[in-house]
Amino acid sequence: MSKQPAETVNENPVSGEDGVRSAIAAAIHQLGAGDGVTIDLRPLPFEGTWGVATSVSHALAGERAQQELTASGQLADKSKKEIKKLTSDRARVLSQEIAESIVASLRQSDAFATVEAANGYVNITFDANVVASSLISTILSNGDAYGAGAARTERVMVEHSQPNTHKVFHIGHFRNTALGVSISKILAHAGYPVTEATYPGDIGMHVIKALWCYRSFHLGEEPANPDERGRWLGQIYAESDARLEYRNDVLDLLNTVSKDDPHIATAIDRLLKLLWREHADTEDIAYLMGRFTTPGEVKEDELIDDGTIEAFWPILGAYLQAEAEREPVHLEIEGANGHVEPSTTPQERYDSWLELDEHRDWWAQVPAWKEAIKATFQAWEAGDADLIAQWQTTREWSLADFRRIFDELGAHFDVWFFESEVEEEGKEIVKVLLDAGIAEISDGAAVVRIDEKLGLTDEVYRTLPILRSDGTSLYSTKDLALTRRKFEDYHIDRAIWVVDVRQSLYFKQIFKILELWGFEQAKASYHLPYEIVVLPDGVISSRKGRAPLYDDIRDQVLQRAREIIAEKNPSLSAADREQTAWQVGIGSLKYAMLARDNNKIVVFDIDEALSFDGHAAPYIQYAHARACRILENAKWNRDTVAGPEGFHLDFGAIEPSELSLLQELGRFPEEVQRAADQYRPLLIANYAFELARRFNDFYHACPVIQSEEPVRTARLALVDATRVTLRNALALLGIEAPEVM
RNA sequence: GCCCCAGUAGCUCAGCGGAUAGAGCAUUCGCCUUCUAAGCGAAGGGUCGCAGGUUCGAUUCCUGCCUGGGGUACCA
């Protein structure tokens, strides 16, 4: 990996690397070898030392070993494996010899405290007091800006937080917002001018479904308390989905029974005879018979008469009830590949039936409802006044919730895009794409056959529909317009979409279509994918009521934080307790999301979320609070200590834990750059934890206030520098640093 | 079928081609008369999915395979 010269405002004294590099290069040159070899430098991996190591002698030794052995003819007639062994053994010896020569050469100057050769590495250490003073001066004079990179000119827009109106904000949305906020802050700290944008989904099929359900069944029912309207609307949406999916749910149950219940195969004959008496279609009965006795699923469009399932329904219910009441016997299903455990119990199957049975009348209505949905969507696009008014009212209920949640999460947006605002523009682009021959009409819908347009024979980009056959807009219709708007209206140079990984192909398609169209900035458009949040017992599903809502989780976490604070620090005022509870509670939730890499699924376990021990935000926050308390107790005032050109500190014989802490402090600026380059808050999350851990080591090993001068002042300055850096690191995660806990 | 991602300690996860692969949780045993015990120390726990390759050196890079997850034309 090529190392970018870190354009940081704050040079890391440890990796004030240029001097070290040129000294080593000179030494190698003296040996008469290896000009042009890359000199790697890394911090010494030993506790209690401050310096750098290079493995350059390994690389030189490898080359030389091969040359020597070849020249002496020892490699003749040897197998490949033997050659490798010989080379590797010889290289090991040589690398130590070379390291010793480099060391001897380096020792001729007194630029470094010590220079050693070990295991073929060249280890160089620095004078701790000199570097410590310089580092601490840098940190304290920069304060909040410590770790910031030099200003850059490339303007970046980060779009994140795209919750849908008319639906609830759950823990999955929370990950997105936490990630987006953190990435925005990291990029800004790294030196980029950042524009933060949100893009609520205020129109689309889900909104139409919610509106249809609201108008058809719940008009004028809204809750009196305005704070509950958003959530209530979410329930309306879930209901609309349940209504429209009713037939699928019924068929799912049928198929589950067919798969899980070993008795159904023998009972089905009798059950279908009962169905016969209900005058159901004979072909349907034969069809059901087949589906229940051989592998395969019942599908709605393969049934001839809508009434068949309705007639079969009560018969199935009676059967399931009887099965649920039987003595429980452990039964294994003999599958094609051996034993398969049933995924449901008889009782669960009967419970599902009972649940669905409450809405037995829905079956017949589903087709009409689906038509109504289409009509509603078209009415919205046609600007039906009544409907638009209801849309605006309900939309605002959700948006009010979002504004409150974003505020609680510290998400502050420079731009609010709305899907409804780019809809028309998107349709115009579709028209242009059709005229340009990039898009075409297929089965009535406008699509782009991307691979074909690129002349690819393999499936890579496939085909993306960009307008429905009934002329209504899709998500893609709108994203085409949004992308253009981002670059043209906001004059940015790079656009980042923080959207979950399931949409990776979709974004490749969108950007490629724009490229085909000749929109150059498509190349500066990046989808930043991240994995989804799941629950210990499966995926989040708001339909099935398995979606932990942000509001609920927040309440639980706040409550837990309040209890712990009351127990640990009873003298805290009510106001301080409340503030700290928010900082710790929300911080903890955010950290749980950010301390996992983007491409890792987060398993959200509420018990873990409520535990504030170990590798979690409170650990880091606690270190910060303790640092604050030490400074407070010592009546530390850095301004009376620092001279005009910074601190001249004397740690005396510096302790290993002090060195270790200082080294970590010095690493912050480069870690910010790395996190920005890779869009990875995880790096900062790990950094903050590691820094807190090293502060704890120091805290336990070295008394601060009780120590003698000049060590006392040196340690206080170190505590202050740690406090500043912990705060800055947490800030990049969007997590606050409490001063008391 | 094709594409993407993951596989490291009992569990959840770190690990910038380099020295003895690390944390947290869980288990066991210790530490509050000393700057806050949301803490600290100690112990046990590993064929880094498998097989090749590149390299002086591979958990890390490449190829193939296995297992799991996701995506794959009118949902977003």
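Throughout, protein chains are lettered first and strands after them, A, B, ... in sequence-line order, and every chain is numbered starting at 1.
Partners of A/R449 by salt bridge (Lys or Arg N to Asp or Glu O under 4.0 Å), not counting sequence neighbours, listed by chain and number: A/E440. Every residue two or more places apart in sequence or in another chain that forms a side chain to side chain donor-acceptor pair (under 3.5 Å) with A/S420 is listed here: A/D202.
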Using the rule given for side-chain hydrogen bond (donor to acceptor under 3.5 Å, both in side chains), can you reason through A/S161 versus A/T177, listing the C-alpha separation, both sets of side-chain angles and the distance that settles it, and then say yes or no?
CA-CA 5 Å; A/S161 299; A/T177 301; 2.7 Å; yes

Treating primed atoms plus P, OP1 and OP2 as sugar-phosphate and everything else as base, which nucleotides of nucleotides 21-28 of chain B get B, S or - for protein heavy atoms under 4.0 Å?
--SSS---

Per-nucleotide protein contact along nucleotides 2-9 of chain B, 5' to 3', at a 4.0 Å heavy-atom cut-off (B base, S sugar-phosphate only, - neither), is B--SSS--

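The nucleotide whose nearest atom lies closest to any side-chain atom of A/Y699 is, among B/rA76, B/rC35, B/rA19, B/rC35. Across B/rA76, B/rU36, B/rA38, the shortest atom-to-atom separation from the side chain of A/N569 is found for B/rU36. For A/I564, taking side-chain heavy atoms from C-beta onward, the closest of the listed nucleotides B/rU55, B/rC35, B/rA38 is B/rA38. The side chain of A/E671 has B/rC16 as its nearest neighbour among B/rC56, B/rA73, B/rC16. Considering only side-chain atoms of A/R502, the nucleotide from B/rG15, B/rG70, B/rA76 that sits closest is B/rG70. Closest contact between the side chain of A/I601 and the listed nucleotides B/rG39, B/rG69, B/rC35 involves B/rG69.
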Let me check something: any side-chain donor-acceptor pairs from residues 612-619 of chain A under 3.5 Å, sequence neighbours excluded? List them with distances.
{"unit_1": "A/H615", "atom_1": "NE2", "unit_2": "A/Y591", "atom_2": "OH", "d": "3.0"}
{"unit_1": "A/Y619", "atom_1": "OH", "unit_2": "A/N696", "atom_2": "ND2", "d": "3.0"}

Using Watson-Crick or G-U wobble pairs with both distances under 3.5 Å, give me RNA chain B in dot-bracket, 5' to 3', with [ ] for crossers and | for pairs to another strand.
(((((((..((((....[...)))).(((((.......))))).....(((((..]....))))))))))))....

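Here A/N123 lies in heavy-atom contact (under 4.0 Å) with a base. Within the 4.0 angstrom heavy-atom criterion, only backbone atoms of the sugar-phosphate kind lie near A/Q66; the bases stay farther away.
B/rG70 and B/rU63 are spaced 24 Å apart, taking the C1' atom of each and rounding to whole Å.
Between A/S442 and A/E419, it is A/S442 whose nearest contact on RNA chain B lies nearer the 5' terminus.
Across the protein-nucleic acid pair, A/L682 atom CG and B/rU12 atom P stand 17 Å apart, rounded to whole Å. Rounded to whole Å, atom C1' of B/rA73 lies 18 Å from atom OH of A/Y461.
Base orientation of B/rC65: anti (glycosidic angle beyond 90° from 0).
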